[in-house]
2 protein chains.
Amino acid sequence: MGERKIRNMEEFASVSGISRPTVSKYFHDPTSVRATTRARIEAAIEQYDYRPNIYAMNQNRELTKNIGVVVPYLADPFFGEIVRVIERRCIEAGFSPSLFSSHGSAEQERDILDTLRSLKPAGVLLAPLGRLSDKSAIEAFCRDVPTVLFDSNIEGMGESFVGSDNYSFVSQTVEYLSRTGEPPSFFEMKNPANPNANKRRRAYLDMMERLGLEPNVMQIDGTGWAFEEIGRQGALEILNRGALPTDTILCSNDRLAIGLLSACYETGHKVGRGPDCDLRVASHDDHPFSRYTCPSLTTAAHDYANVSGHSVETLFRLIESGGRFETREETLFSAHLIMRDSA
Amino acid sequence: MGERKIRNMEEFASVSGISRPTVSKYFHDPTSVRATTRARIEAAIEQYDYRPNIYAMNQNRELTKNIGVVVPYLADPFFGEIVRVIERRCIEAGFSPSLFSSHGSAEQERDILDTLRSLKPAGVLLAPLGRLSDKSAIEAFCRDVPTVLFDSNIEGMGESFVGSDNYSFVSQTVEYLSRTGEPPSFFEMKNPANPNANKRRRAYLDMMERLGLEPNVMQIDGTGWAFEEIGRQGALEILNRGALPTDTILCSNDRLAIGLLSACYETGHKVGRGPDCDLRVASHDDHPFSRYTCPSLTTAAHDYANVSGHSVETLFRLIESGGRFETREETLFSAHLIMRDSA
DNA sequence: AATTATTTTTTACGCGCGTAAAGTATTTTG
DNA sequence: CAAAATACTTTACGCGCGTAAAAAATAATT
């Protein structure tokens, strides 16, 4: 173990008995060199613990092996889960993921795109803020950097979009709720940040019409990403007014539902589908905590594995295609209903 | 706006009318050049939208302006919150934070340290996994890279540790609970991943002895980071056995408590401090969701702002001191009790 | 105005690696 | 076994910037 520290690729090449250009080739793609050569290089890496200087590696490369991953809000465990899958797959494929969170701020999102541009990534997976996003900044970014949007779509931007089919969420919950009890009212924010919210409202209205039922939308105040608190305040206001139009509430998303359930508990409204219950509550997303609400939340679940998996695969295809697709693809995965105790 | 794209610092220097070495100096530290020079450079940046190639910038620098931030588990919104504060402060101070999550895996943690080493960061903020961490890997890393540990301490590693005072958490909850009702039993995992858990158990035992009360520790099975599910299963087992030693439970952390509360609800045990309640539950951390459990969770809160703020400040001081402190500092912030409805 | 201190310019070199070209060695194919 | 194909070596240059040293310009001080 008394080997002196290797300072650069030149030195490493000489101690490994391989020429520098071949070593360089190896680090760019280990499978591009002959198996025997590869074995010798890897033995030397093992022995000398050498890694190339990533800065020198990347400065002359038009595009790097980096992949940017941007999410709107990291304190939402939903994104924490997604990021875990994405990171793993990127690393397995030999890329280096760089993770960024906009933390709900459009300014931060712009800054992140700026940073990403100078990272010269091979590709970017971007879950935009939504309504608040600086559309022109994102558009300009997508022109320069191969980008796949996920989770929340912005029409026409990025080479591809991968997300969940909001209609599938809502059709399943509405169908189930109206089949097993009173038809649901819809509970949402008045000015939702996320475009999925609007799609869900429209899907709700559409489904109710299709079923010949009277729709009822409750829109509550509040801005920002503290959905639980917004849901709780909005629900308290409605419950205290005794203004519930039906005994069945369908929340736009689980985080609002978590706040609503807390308000129900506080005001003594028993939630569930038993005869002694005051109301039923269902929702969408299958948030990691929806299993632990009281009662546990009946919800429509994202196909987490497919959304994250297909986002990554699409990005890999995009990178292999040189960063552009002929036409913009949109892939939507269906939700599946998870029946728990709240409805 | 018809300016041609600037290709490198040479070109940028010439169009801005400043020499390249001075421009280089500016990008390293804008305050290091004369105000008039700075103004001219910034005007040119504005006009030509030039940024230096970060890879070329960093390849010759001994240490970069990067700061590594490592957390053990990003799907825990606790860390999402902390990261937000840390990132903001780093950017304000002119650093580029790079965020990494070990996602509960020691192997990932090792890989992250490896990646970080080649990023040549000015400093690293590391919240280790805890018991599962590869101690020798962390120790070796801390020798090479200026590192401040936070959240969970590993004795002797890193130049400094910033976290919460576990004794302060437990003393407040135990004191409050035993003063207002039956003394608490302690509910925890048998093999906690996090060293804070052990400190909390010892603090519980110590406090109980000091108050002349009989301690009772319930240790439940389970490994990994799915604390809610572990808490729920453990609680179901105990509740179904009717094996509660007292009517007051103190959970080691909020995520276990969230699982326990869900088990209580499921089994019809009413939680709270009213006369009609079966048991009281309190906990530690002030997890972002503890406000929305049913009933809302009485808990001891981290001083989030101080822990994240002081971690960053300590790292900045460390960087300014050339990466080493004379002696290893440990800074612990006190918790404060948040009284809600569960106890 | 002269002296001193500070900042900028000029010149020049090097960092660690990518990569192109031409030649040599090795493996594969028929 | 020879021819063809593939992989590797040698040589050489360039990328974009850091940075050192000496000279020149500018600003601050007396």
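Just so we're on the same page: letters track the sequence lines, and every chain starts at 1. We use all heavy atoms of the structure for the numbers below, so side chains are in, but hydrogens, waters and symmetry mates are not.
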Does a nitrogen or oxygen in the side chain of [X] sit under 4.0 Å from OP1 or OP2 of [N]?
| X | N | answer |
| --- | --- | --- |
| A/Asn8 | C/dG16 | yes |
| B/Tyr50 | D/dC17 | yes |
| A/Thr37 | D/dC8 | yes |

State whether the distance check finds a donor on one side and an acceptor on the other, under 3.5 Å, for side chain B/Arg20 versus base D/dG16.
->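 In this structure, the two groups form no donor-acceptor pair.
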With no angle test and no hydrogens, is the base of D/dC17 tied to the side chain of B/Gln59 by a donor-acceptor pair under 3.5 Å?
->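 Looking at the base of D/dC17, it does not pair with any donor or acceptor on the side chain of B/Gln59 (distance under 3.5 Å).
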Using the side-chain heavy atoms of [X], tell me which of these nucleotides is nearest: [options].
| X | options | result |
| --- | --- | --- |
| A/Met9 | D/dC17, D/dT10, C/dC17 | C/dC17 |
| A/Ser24 | C/dG18, D/dC17, C/dT9 | C/dG18 |
| B/Ser19 | D/dC17, C/dT8, C/dG16 | C/dT8 |
| A/Ala56 | C/dT10, D/dT9, C/dC17 | C/dC17 |
| A/Met57 | D/dC17, C/dC17, C/dT9 | C/dC17 |
| A/Pro21 | D/dC17, C/dA20, C/dC17 | C/dA20 |

Name the residue closer to the 5' end of DNA chain D, choosing between A/Lys25 and B/Arg34 according to the nucleotide with the nearest heavy atom.
->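 Looking at DNA chain D, the more 5' nearest nucleotide goes with A/Lys25.
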With B/Glu159 as partner, the option from B/Arg143, B/Arg317, B/Arg324, B/Arg328 fulfilling salt bridge (Lys or Arg N to Asp or Glu O under 4.0 Å) is B/Arg324
Look at the rings of A/Phe333 and A/His310 and say which category their plane angle falls in: under 30° parallel, 30 to 60° tilted, over 60° perpendicular.
->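 Perpendicular: the ring planes of A/Phe333 and A/His310 meet at over 60°.
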Just how far, in rounded Å, is C1' of D/dC15 from CD of B/Glu11?
->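 Rounded to whole Å, this separation is 13 Å.
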Just how far, in rounded Å, is P of D/dG16 from CG of B/Asn58?
->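 Interatomic distance, CG of B/Asn58 to P of D/dG16: 16 Å.
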With no hydrogens and no angle check, do the side chains of B/Glu11 and B/Tyr50 hold a donor and an acceptor under 3.5 Å apart?
-> no
